[in-house]
Visitor: 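Here's a structure for you.
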Amino acid sequence: VSRVATAFRLGVREYRRTPVLVALLAVLPAYAVGVFGYVVPDDTVAFTVGGEAVQAGLPAVVSLLLTPMTAGLFAGIAGLFLMGSATDADARLVVAGYRPHEVVLARLGLLAAVSVLVSLVATGVAALTAVPEHPAWFLLATVLTALVYAAVGVLLALLVSRLAGVYVVMFGSLVDGFLLQNPLATDAPAVAALGPSHHPVALAMEAAFGSSVSLAPLAWSLVVLAVVAAAAVAAFYRATGA
Amino acid sequence: VSAFATGTRLRLVELGRQPTTLALLVALPIVVVETYGVAMASFPQLPSLGVDPATAGRLSGALFATAFLSGVVGLFQVISAREGDDRLVLCGYPRWTLLATRLVTTVAVAGVAAAVSLGAVWWRLDVAAPVLAFGVLWLAGLLYGLLGVAVGTVLPRELEGSLVLVFVADLDNALSSGLFDATADLATWVPMYHPHALLEAAVVDGTLATGHLEAAAVVAAVLFAAVLAVTRLAGGDGA
């Protein structure tokens with residue numbers, strides 16, 4: 001445990017030593033979620049979440065929809081770069097005596113911390129426009145979206161070049177989180193169910209606008225997270241030569 | 001001229017040697033255009049959209065596939081080549097020539113991405129003025145190429161640069177798509193606002209929206225000036 005903690009601490013220190021990155025962690029989610037709350041017209045829209053017909057202001061819908069997407073986008077890019085840049089060093093750690101699972105745990109811990117932080121910032125900014133009906137569930141759904149995309153970012157870092165990875169994370173999160181999972185879409189295409197954020201965003205929308213939160217999207221979100229994380233860990237083991 | 005030609009050839013050869021980038025140039029615009037079209041088709045006919053949602057989706061997808069690809073290539077060209085470029089400058093290679101080679105490469109990438117994106121749009125829609133539509137897509141690629149070079153010159157690492165570019169593009173994409181009838185003037189200031197209007201006019205009506213063209217040219221000039229300014233600030237003295 002102490003070696004995992006040491007590797008985790010060093011990862012956090014590396015992050016902290018890049019003030020631009022820390023500033024971006026605070027500014028970018030605020031910019032993305034906050035600007036939309038400001039520019040979207042104050043119309044009322046009707047839609048369905050979890051089988052329940054609801055009405056809400058468009059700024060609230062857009063801000064609360066963008067919150068998990070923004071967290072996912074940031075965490076995906078972080079997963080892509082943090083893991084990509086650490087692979088060589090981590091392989092050396094394994095050669096030096098670290099057990100592979102210790103290295104993996106430290107890296108995943110760092111990504112989880114980034115995911116939680118960016119989710120807190122994004123949810124906090126969204127709350128300036130609209131407070132979800134069930135804030136704790138909404139935050140949980142946002143963190144789950146971020147974790148899923150962080151794992152997708154790790155996978156991409158190990159499978160494709162960074163340029164390709166940035167492109168895929170950018171368009172993937174936007175199309176998936178903003179277009180395919182948008183509750184305003186009346187007849188979502190079948191492919192929407194295959195999006196990584198399908199279940200976490202469904203949970204987020206229920207938590208934001210529903211009178212209650214069902215456990216099915218939470219359970220499915222955890223299943224998706226487990227599958228993507230397992231694939232990322234397997235790819236990471238392979239990349240570090242463990 | 002010889003230094004410029006050599007530098008440009010070097011960058012294009014370097015780009016051509018990356019199979020992932022080449023595959024991205026060809027495959028991703030098609031995927032993005034189609035996915036946007038399918039995703040937007042499920043939206044109701046919003047009053048803010050000048051065309052049906054599926055067409056609006058395909059036009060947005062084509063613009064952003066072209067623009068963001070050019071932006072990312074511009075960004076990575078600057079950041080990943082920084083050390084090598086600094087050494088070239090120390091050896092006497094003019095910094096402004098290096099900048100020109102980057103811009104020419106970005107323009108070339110934008111041209112290829114624009115052609116592929118237009119093909120993907122044309123496959124599904126009747127394009128009223130194909131040459132004009134190609135020109136608009138190329139212009140969009142140029143705008144983001146300049147933005148990518150500027151961001152890459154200012155920010156030190158790929159992670160930070162990518163985050164900034166991705167978030168700018170993300171917001172730009174959503175605001176300029178016309179999905180929301182944004183009430184604030186802010187929406188008209190995003191880089192893709194005018195190219196979006198130009199592309200819609202070229203594809204649907206076959207006309208050139210001159211007012212938007214002038215505004216887009218101003219945005220391009222501002223971004224070009226920004227690239228020159230940040231390059232000078234980053235150490236370029238014309239040596």
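All heavy atoms count here, side chains included; hydrogens, waters and symmetry mates do not. Numbered from 1 within each chain, the chains take letters A, B, ... in sequence-line order.
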Visitor: Are Phe171(A) and Thr35(B) packed together at the side-chain level, in the sense that at least one heavy-atom pair is separated by less than 4.5 angstrom?
Guide: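 Phe171(A) does not reach Thr35(B) side chain to side chain.
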Visitor: Taking every heavy-atom pair that is under 4.5 Å apart, which of Val73(B), Val168(B), Val31(B), Leu75(B) has the most such pairs with chain A?
Guide: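 Highest number of heavy-atom pairs under 4.5 Å: Val168(B).
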Visitor: Under 4.5 Å, counting heavy-atom pairs only, tell me which of Val32(B), Val72(B), Val38(B), Leu159(B) racks up the most with chain A.
Guide: Leu159(B)
Visitor: With respect to chain A, which residue among Gly57(B), Ser162(B), Gly61(B) yields the maximal number of heavy-atom pairs within a distance under 4.5 Å?
Guide: Ser162(B)
Visitor: I need the residue from Thr186(A), Leu180(A), Leu66(A) with the largest number of non-hydrogen atom pairs under 4.5 Å to chain B.
Guide: Thr186(A)
Visitor: Give the member of Ala41(B), Ala65(B), Ala169(B), Gly71(B) that has the highest number of heavy-atom pairs under 4.5 Å with chain A.
Guide: Ala65(B)
Visitor: To the nearest 0.5 Å, how far apart are CZ in Phe167(B) and CG in Leu73(A)?
Guide: 4.5 Å
Visitor: Could you give the distance from CG (Asn173(B)) to CE (Met170(A)), rounded to the nearest 0.5 Å?
Guide: 5.5 Å
Visitor: Using the rule side chain to side chain contact (heavy atoms under 4.5 Å, CB included), only one of Leu165(B), Leu163(B), Val166(B) pairs with Val166(A); which is it?
Guide: Val166(B)
Visitor: Looking at Thr70(A), Ile77(A), Val169(A), Val27(A), which has the largest count of heavy-atom pairs under 4.5 Å with chain B?
Guide: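 Sorted descending by pairs with chain B, the first entry is Ile77(A).
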Visitor: Are Asp170(B) and Tyr31(A) side-chain neighbours, meaning at least one heavy-atom pair lies under 4.5 Å?
Guide: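 They are not in contact (no side-chain heavy atoms under 4.5 Å apart), so the answer is no.
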Visitor: Would you say the ring centers of Tyr167(A) and Phe68(B) fall short of 6.0 Å from each other?
Guide: yes
Visitor: Which atoms form the tightest heavy-atom contact between Leu184(A) and Phe43(B), and what is the distance?
Guide: CB-CE2, 4.4 Å
Visitor: Need one label for Ser173(A): side chain, backbone, both or neither, based on atoms under 4.5 Å from any heavy atom in chain B.
Guide: neither
Visitor: Would you compute the distance between atom CG of Leu80(A) and atom CD of Glu158(B) and round it to the nearest 0.5 angstrom?
Guide: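 Output value for this atom pair is 9.5 Å.
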